[in-house]
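Every chain is numbered from 1, with letters handed out A, B, ... down the list of sequences. All values below were derived from every heavy atom in this structure, side-chain atoms included, with hydrogens, water molecules and symmetry-related copies excluded. Note that this is a predicted model, so its numbers are computed, not measured.
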Amino acid sequence: MPEGHTIHRLALDHSDRFVGRTVTVTSPQDRFAAASRLDGQVLSDVEAYGKHLLYRFGEAGWVHIHLGLFGKIWTKPTPLEPARSTVRMRLATIDWFADLVGPTQCMLIDADERAALFQRLGPDPLRADAVPDAAWQKLSKSRQSVAALLMDQHVIAGIGNAFRAELLYRAGLNPHVEGTRLTFAQWQMLWRDAKRMMRLGVRANRIVTTRPEDRERRHGRVQPSDATYVYRRAEMPCRRCGSMVVMEPLAGRRLYWCPSCQR
DNA sequence: GCTAAATGTTGAT
DNA sequence: TCAACCTTTAGCT
């Protein structure tokens, strides 16, 4: 269940473990037809862009993976375990194997298709080549809410429901503010914080946005759920002001925010 | 054992 | 705005 940080973490881990090695490629579920074509080839690169993950096999092309809402990749050291019937693709070397389960996308694509994919994505705060101004140009001209815009992968790539809620909270921004009403300074704050929080997410391999001082409860111990300020904290007291965190449906997703801290 | 929910996106109405 | 798709897990009974 991934936002951009999960995908980038996978790209880093799999670069270390699979790139430059001869890889066995199979599809226990038998729904990835190109597996047999890639089987036994050397993996040349792994790349993440937003929530998209690409495995390059030289001239053969790229395996384009999108995990969707509940896709997962399990990476384990060998010996190989029997694969579940739901494993769409298994990559394996002598030392490691990775099982892809439940993706919305797992397809071999060519250079043109890869270029087209990147073309339609906004800048990714986790990529060194990101041009944040491309996002500001779209955002500052849109009458959509900043909450909707942060989730729009054409505007900015890699942010999902959890990071959206947390970034808006940390910026003290009302999620319903229109893109056109956002100041450049507010945008810069969002972008810089996105970079910081998502990098932290890659490192921790999970989303942690709370500051240590906000994590400590006055009378209690630190809880595992202390990782976020508002995400999945509906009806719970805001860590800073104590008023109730609100959950409201927005475009089919759950939006969490603190109406008192986010004016 | 059953149900609901989950860090997502697309395409039809 | 809604349904469809993909699968696991937590929280019930």
Side-chain angles (χ1 to χ4, degrees), chain A residues 1-11 27-33 48-54 63-76 81-90 98-107 109 113 116-122 124-126 144-145 147-170 175 193-194 197-210 223-236 245 247-257:
Chain A
M1 288 171 267
E3 296 190 22
H5 67 295
T6 305
I7 307 306
H8 279 263
R9 175 59 182 259
L10 280 166
S27 179
Q29 188 188 41
D30 205 27
R31 281 187 53 186
F32 177 45
Y49 196 131
K51 300 170 189 169
H52 300 260
L53 184 59
L54 294 103
V63 179
H64 171 213
I65 289 168
H66 195 293
L67 294 182
L69 190 50
F70 24 71
K72 274 195 177 68
I73 297 180
W74 297 304
T75 311
K76 294 178 184 171
E81 292 169 5
R84 294 190 188 200
S85 61
T86 51
V87 174
R88 182 76 56 89
M89 178 181 78
R90 169 175 275 187
D99 283 351
L100 165 68
V101 164
T104 51
Q105 184 77 256
C106 174
M107 211 183 146
I109 63 171
E113 290 168 312
L117 169 67
F118 288 10
Q119 186 71 38
R120 64 181 169 82
L121 293 172
D124 175 353
L126 285 173
Q144 299 252 93
S145 68
L149 288 163
L150 285 184
M151 290 273 282
D152 185 340
Q153 304 298 301
H154 308 282
V155 174
I156 180 168
I159 292 175
N161 203 21
F163 272 126
R164 158 179 78 179
E166 296 300 300
L167 293 173
L168 289 172
Y169 178 88
R170 290 169 52 90
D193 203 39
M197 290 301 105
M198 292 175 81
R199 278 179 186 159
L200 218 151
V202 173
R203 188 187 276 253
N205 207 5
R206 68 190 196 108
I207 297 174
V208 180
T209 58
T210 48
Q223 307 276 321
S225 62
D226 281 351
T228 60
Y229 284 108
V230 288
Y231 177 67
R232 285 243 214 170
R233 285 180 46 82
E235 309 297 307
M236 295 169 77
V245 173
M247 188 285 282
E248 61 186 56
L250 181 80
R253 307 302 300 281
R254 294 180 169 198
L255 170 66
Y256 300 88
W257 62 298

Please tell me if [X] has a side-chain N or O lying less than 4.0 Å from either OP1 or OP2 of [N].
X: A:Arg253; N: B:dA6; value: no
X: A:His66; N: B:dT9; value: yes
X: A:Lys51; N: B:dT9; value: yes
X: A:Gln29; N: C:dT7; value: yes
X: A:Arg31; N: C:dC6; value: yes

Taking [atom1] from [X] and [atom2] from [N], how many angstroms apart are they, rounded to a whole number?
X: A:Leu69; N: C:dT9; atom1: CG; atom2: C1'; result: 13 Å
X: A:Tyr231; N: B:dA5; atom1: OH; atom2: C1'; result: 10 Å
X: A:Arg88; N: C:dT8; atom1: CZ; atom2: P; result: 11 Å
X: A:Lys72; N: B:dT7; atom1: NZ; atom2: C1'; result: 10 Å
X: A:His64; N: B:dT10; atom1: NE2; atom2: C1'; result: 13 Å
X: A:His154; N: B:dT9; atom1: NE2; atom2: P; result: 9 Å
X: A:Phe70; N: B:dA4; atom1: CZ; atom2: P; result: 15 Å
X: A:Ile7; N: B:dG8; atom1: CD1; atom2: P; result: 10 Å

Determine the contact category for [X]: base if any of its heavy atoms lies under 4.0 Å from a base atom, sugar-phosphate if only primed atoms, P, OP1 or OP2 are that close, otherwise nothing.
X: A:Arg164; value: nothing
X: A:Gln105; value: nothing
X: A:Arg120; value: sugar-phosphate
X: A:Arg232; value: sugar-phosphate
X: A:Thr86; value: sugar-phosphate

(message) Quick check: do A:Leu67 and A:Ile73 have side-chain heavy atoms less than 4.5 Å from each other?
(response)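 The answer is yes, as the side chains (C-beta and beyond) meet within the 4.5 Å cut-off.
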Taking the [atom1] atom in each of [N] and [M], what is the distance between them to the nearest angstrom?
N: C:dC5; M: B:dT13; atom1: P; value: 14 Å
N: C:dC6; M: B:dG1; atom1: C1'; value: 23 Å
N: B:dT10; M: C:dT8; atom1: C1'; value: 22 Å

(message) Could you check whether any side-chain N or O of A:Glu3 sits under 3.5 Å from a backbone N or O of A:Ala162, counting only pairs where one atom can act as donor and the other as acceptor?
(response)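 Pair found, side chain donor or acceptor close to backbone of A:Ala162.
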(request) Mark yes or no for whether A:Thr209, through its side chain, and A:Thr228, through its backbone, hold a donor-acceptor pair below 3.5 Å. (result)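 No.
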(request) Return the minimal non-hydrogen interatomic distance between A:Leu255 and A:Ala147, and the atom names on each side. (result)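 Shortest heavy-atom separation between A:Leu255 and A:Ala147 comes out as CD1-CB, 4.3 Å.
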(message) Let's see if you can work this out: which of B:dG8, C:dT8, B:dA5 has an atom nearest to the side-chain heavy atoms of A:Arg254?
(response)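 When the side chain of A:Arg254 is considered, B:dA5 is the closest of B:dG8, C:dT8, B:dA5.
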(message) Between A:Phe163 and A:His5 (judged by ring centroids, cut-off 6.0 Å), do the two rings come close enough to count as a pair?
(response)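 Yes.
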(message) Please enumerate all residues that pass ring-ring contact (aromatic ring centres under 6.0 Å, His included) together with A:Phe32, with sequence neighbours excluded.
(response)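 Checked A:Phe32 against ring-ring contact (aromatic ring centres under 6.0 Å, His included); zero matches.
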